[in-house]
Amino acid sequence: MILHILNRPPSSSLAYRDALVAMGSEDRLLLIEDGVLGAMTAQVRHFQAIDGRLFALREDLNARGLLGQCDASVQVVDVDGFVTLTEEADKTVSWF
Amino acid sequence: MILHILNRPPSSSLAYRDALVAMGSEDRLLLIEDGVLGAMTAQVRHFQAIDGRLFALREDLNARGLLGQCDASVQVVDVDGFVTLTEEADKTVSWF
Amino acid sequence: MRYGLLVEGAPYSSQASHSALRFAAALIAKGHRLESVFFYHDGVYNAARLVAPPQDEPHLYDAWCSLNAEHGTRLQVCIAAALRRGLLDAREADRHGKAGHSVESPFELTGLGQLIDLGRAVDRLVTFAP
Amino acid sequence: MRYGLLVEGAPYSSQASHSALRFAAALIAKGHRLESVFFYHDGVYNAARLVAPPQDEPHLYDAWCSLNAEHGTRLQVCIAAALRRGLLDAREADRHGKAGHSVESPFELTGLGQLIDLGRAVDRLVTFAP
Amino acid sequence: MRSHLPVTGDLLVILRQVPHGSSWLREGLDAALVAAAFGQSVTLLFQSDGVLALARGQQSGPLGQKGTAATLDMLEMYDIESLHFDLEALERFGLTQQDLLLPAAGVDASSIPQLIAGHRLVLTF
Amino acid sequence: MRSHLPVTGDLLVILRQVPHGSSWLREGLDAALVAAAFGQSVTLLFQSDGVLALARGQQSGPLGQKGTAATLDMLEMYDIESLHFDLEALERFGLTQQDLLLPAAGVDASSIPQLIAGHRLVLTF
């Protein structure tokens, strides 16, 4: 399993497409920084191909006031969870 | 007439949407830097709403080897033409 | 006409400085006057006096200085954006208790108010962003 | 596990440095070791010694230095990316005939080969981009 | 609240970036505040991702980064009261006017060219 | 030329940016060259806008900026011969293999995860 990390929102950047194409069937995607906009219920459809393997960083949702808008299908992790995801992955790939 | 200037390609950034929405019916759009990718025949459909008011900077097409791919509907200007466009405009607005 | 430029991209990282310098040369060649280039956001990095670019790349810092020397164009750097990025002239370095400085003439640290003044004074203000 | 970080965003301009520092603290708290932070692209601006950020913002430069002092994490800056952005230590300044320097210990200017070595030495290399 | 156009003035600042992810929003707001302090009439337009600058509940970042929500409170103090946001963008994020921390006027896409035409100088961030 | 997968190695460098517009492409290529000089086996993938790095006819910029086309010539010297490009992206720009200045292998979207899985370290630029 590879952990992919995306920091751009699908509402303004198409970097998410490059990330999705690069993901294997077991890989996971973590949304961080401005990327957490993709976890909002109104935006999460962009990631439906990886349903169940989508994560978002709690601190970045919180800072933007968006924790309440985060879709139930997204697994919210704090920074310790981010570290755990990197432990569990063979490697990480960042998309921006 | 207002001159809008866009330096991001529609193939990876949605900034072109913000620019198009902001354009009045007489306004012009100049593609510069990586934005010139939008002038390619295979990409120019993103700008069909402003057909006849789309310009691209020759130097930036040239540096990227793309002058031959530039669509016939796009008016190619060199940097002197860029200055002329700013002279003719009431003001300029940059999108990135 | 009187022009001003707003440069917001770091040199070498983005093409913004190259585009702005090229546009500056063209507008001056057409008989216009370039009052000032205002550096904001990462554009303030253009003012770093210690740059040592490779020989086969354009020397952007020297090109800005030439613009000032030959055409009297002011090179104004937003002081707030500069301080948090480590760009201090001798006076600011002294004020912040730092030894050494990273910005010097012809670049001048100024307030954002100078950008507003510039926008008011010129006929065209053109932004070059990263 | 042994970790390395690759930081590519300028401080204050993008969140990359904040995210990397936060991640660094968390991995160390979990008992991992952070060997090195490698600064590349605009990340090299993190090494600017003269930064004077506003009082009410985190002092990123000091935070990097603490990471080095408390945990022995190396702070490695790509020399090619640094030179063209005006970041020179005393030795490079001397070599390029410039008075003054903009980078000092604990930040060290090194070749890109150190990034490749780091990638080989650690179990995980995580990139924080702008 | 809908906008009553045409809105005119000296400076239009267009804010298009997300809070916390970069310094664009902060630097755009600083430009607006300084212009107002210099006696210019200033209008703000929150476009695209920039509408999130208006979202309620923003907090400091984990390292104590301020973000920009506190700066928004200063707009009134500087007499910047002409605040507009992109209705389509708000909808794109599934938000409504109730989710906003300041009174601002919604503008539809077709009104944005008028806003731009009505100001002498336009800065985008 | 199609790619024969699986391709494996020490380092995969993914290049996604346009020549001239930023230093990303140059810095990514530099990382690949240095890794090869250090004896690592290196694979390049030109993805998305990055496929334009392979376009024929690139020139210096108007201020004499080199761009990256000359650096591509050095790949062979450093024994970097595993060059791949995103077929879908090439098509997106209306280009064909004949428009490319180097022999490279086209990969379809479904093969990119295998390329990534096959390398110990992946750097994106």
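Predicted, not measured: the structure shown is a model, and the values here were computed from it. Residue numbering restarts at 1 for every chain, and letters A, B, ... go by the order of the sequence lines.
Using non-hydrogen atoms only and a strict 4.5 Å limit, the part of residues 16-29 of chain E facing chain D consists of E/His20, E/Gly21, E/Ser22, E/Ser23, E/Arg26. Of residues 56-86 of chain D, those residues lying under 4.5 Å from chain E by any heavy-atom pair are D/Asp56, D/Glu57, D/Pro58, D/Leu60. Along residues 89-116 of chain D, no residue comes nearer than 4.5 angstrom to chain E, judged on non-hydrogen atoms.
When each of E/Pro62, E/Ser60, E/Gly64 is scored by its heavy-atom pairs under 4.5 Å with chain D, the top score falls to E/Pro62.
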Counting only pairs under 3.5 Å, give me each side-chain donor-acceptor contact of residues 21-30 of chain D, with atom names and distances, residues two or more places apart or in other chains.
unit_1, atom_1, unit_2, atom_2, d
D/Arg22, NH2, A/Glu59, OE2, 2.9
D/Lys30, NZ, A/Thr84, OG1, 2.6
D/Lys30, NZ, A/Glu87, OE2, 3.3

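Proximity to chain E (any heavy atom under 4.5 Å) is restricted, for D/Pro54, to the side chain, taken from C-beta onward.
More than 12 heavy-atom neighbours from other residues, nucleotides or ligands sit within 6.0 angstrom of CD on E/Glu81.
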